[in-house]
Visitor: 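Quick one: the structure is below, questions incoming.
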Amino acid sequence: MRIVTIIGARPQFIKAAVVSRAIKAHNAQSTSIIEEVIIHTGQHYDPNMSEIFFEEMNIPKPNYNLNINGKSHGKMTGEMLFSIEDVLLETKPDWVLIYGDTNSTLAGALAAAKLKIPVAHVEAGLRSFNRQMPEEINRLIADHVSSLLFPPTQTAVNNLVNEGIEKNLENVGDVMYDASLFYREESKNKSKILKDLNLKKGNFILSTCHRAENTDDINRLKNILEGLAEVSKDTSIILPLHPRTKAIIENNGLQELTNLLTVIEPVSFLDMIQLEENAKMIITDSGGVQKEAYFFKVPCITIRDETEWVETVEAGWNKIVGADKTRIIDAVQTTDFNKPWQELYGDGHAGERIVKILLG
Ligand code: UDP
């Protein structure tokens, strides 16, 4: 069996690492070998947004690197579609495996579906019900042209069923949970980030901000940075800054708002786990980070108007505050997060299940 995996952005490297590891494990004990061909679209290309994940998480080197980035949505998706089609015609896979909700996901789904190659979508069925988000458009289309869908939660299953997708759904759990459990120990042993930044468990807040809805609206971005600045007067805030957010802050002269924050370059996954696990609280607009906060039982404040990961909110571990300075400050000071915790995202074996189902 030959599988073509299409990835291009940071969260996809982390998700694909889980399935690649499961493929390797399968190949080590079976005669029906799976060949995995990896296409890296190049959407994320900075070494600390891409290469570091391949090295640290032992992801096989991409067979194809398309180097497509820094363009408008249409141009980027169009160029990817064009190039991915060539690779699919050359490699003739049995399955195309796509992850999440980026332009790489959309281009991979369309290229394969048009060639009548079955598409399997890992992390299917997530919905924010906000079509202003580029990710929501990517998810909707990717799900509707996929032949096999791996929704990670019952909510995601329900979303698909509500859209008329009732067959070939397998809730295998969340590969991100697999990743967090698998790399947690290694992170404890190898990461030096707490020492380097002079941090102790519970004496800092971790924050990330990169969603277009926050970075492309200067008013929202200002509100978030002002909220963080105020909070950091009490508890120091570590902000590993996405390159896009960094550029927008600089281009709009907002650097002063970050003076009180500890702004650092994006960190590796092992470092990120240490920061998450030891933070007093997490303030983020990232999908993956909201869940990791839950995995590590760390309270989360989400600087968005809605979330796809509604279970974390219902469980009382995540609070949605929008991009509103006052609500951010208020949530940090007053929210009681001391709630029961249960496994909501599978059991840490989603990757193995995906491989088994692909094999049929
Ligand atoms: N992440 C990381 N280093 C960072 C910031 C995030 O390793 O400096 C990881 C994080 O732990 C999570 C994933 O990247 O697993 C989330 O990616 P991102 O926030 O870019 O995308 P989203 O999840 O919102 O799609």
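As the structure lists them, so they are numbered: ligands from 1, and atoms in each ligand from 1.
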Visitor: How close does the nearest protein non-hydrogen atom get to atom 9 (C) of ligand 1, and which residue and atom is it?
Guide: Ile14 CD1, 3.7 Å
Visitor: Pick from Glu163, Glu306, Glu308: which one makes a salt bridge (charged side-chain N to carboxylate O under 4.0 Å, His left out) with Arg127?
Guide: Glu163
Visitor: Side chain or backbone of His242 under 4.0 Å from ligand 1, or both, or neither, by non-hydrogen atoms?
Guide: neither
Visitor: Under 4.0 Å from any heavy atom of Pro266, which atoms of ligand 1 are there?
Guide: 8 (O)
Visitor: Can Gln290 and Thr307 be counted as having a side-chain donor-acceptor contact under 3.5 angstrom?
Guide: yes
Visitor: Say whether Thr102 and Gln12, considering side chains only, have a donor N or O and an acceptor N or O under 3.5 Å apart.
Guide: yes
Visitor: Anything under 30° is parallel, anything over 60° is perpendicular, the rest tilted; go ahead and classify Tyr294 against Tyr345.
Guide: perpendicular
Visitor: What are the atoms of ligand 1, with element, lying closer than 4.0 Å to any heavy atom of Ser268?
Guide: 7 (O)
Visitor: Which residue and non-hydrogen atom of the protein lie closest to atom 16 (C) of ligand 1, and at what distance in Å?
Guide: Ser286 OG, 3.7 Å
Visitor: Please state which protein non-hydrogen atom is closest to atom 23 (O) of ligand 1 and give its distance, to 0.1 Å?
Guide: Gly288 N, 2.7 Å
Visitor: So which bit of Glu135 gets within less than 4.0 Å of ligand 1, heavy atoms only: side chain, backbone, both or neither?
Guide: neither
Visitor: So which protein heavy atom does atom 21 (O) of ligand 1 come closest to, and at what separation?
Guide: Pro11 CG, 3.4 Å
Visitor: Can you list the ligand 1 atoms lying under 4.0 Å from a non-hydrogen atom of Arg211?
Guide: 24 (O), 25 (O)
Visitor: Suppose we measure from atom 6 (C) of ligand 1 to each protein heavy atom; which comes out shortest, and what is that distance?
Guide: Arg10 CZ, 3.5 Å
Visitor: Please give me the minimum heavy-atom distance between Asp305 and Ala323, naming the atom from each residue.
Guide: OD1-N, 4.3 Å
Visitor: For atom 8 (O) of ligand 1, what is the closest protein heavy atom, and at what distance to 0.1 Å?
Guide: Val267 N, 2.9 Å
Visitor: I'd like to check which ligand 1 atoms, numbered from 1 as shown, lie under 4.0 Å from a non-hydrogen atom of Glu276.
Guide: 11 (O)
Visitor: Near Gly287, which atoms of ligand 1 are under 4.0 Å from a heavy atom of that residue?
Guide: 22 (P), 23 (O), 24 (O)
Visitor: Within the distance-only criterion (no hydrogens, no angle test), does the side chain of Asn103 pair as donor or acceptor with the backbone N or O of Thr77 below 3.5 angstrom?
Guide: no
Visitor: Which pair of non-hydrogen atoms, one from Val231 and one from Ile205, has the smallest distance, and what is that distance?
Guide: CG1-CD1, 3.7 Å
Visitor: Using a 4.0 Å cutoff against the non-hydrogen atoms of Pro240, which atoms of ligand 1 qualify?
Guide: 8 (O)
Visitor: Less than 6.0 angstrom separating the ring centers of His242 and His44, yes or no?
Guide: yes
Visitor: Check Ile320 against Arg327 and note the closest heavy-atom contact, atom names and distance.
Guide: O-NH2, 3.0 Å
Visitor: For atom 10 (C) of ligand 1, find the nearest protein heavy atom and state the residue, atom name and distance (0.1 Å precision).
Guide: Glu292 OE1, 3.3 Å
Visitor: I'd like to check whether Asp285 has a polar contact with ligand 1, where a contact means an N/O of the residue lying under 3.5 Å from an N/O of the ligand.
Guide: no
Visitor: Which heavy-atom pair separates Phe269 from Glu56 by the least distance, and what is that distance?
Guide: N-OE1, 3.1 Å
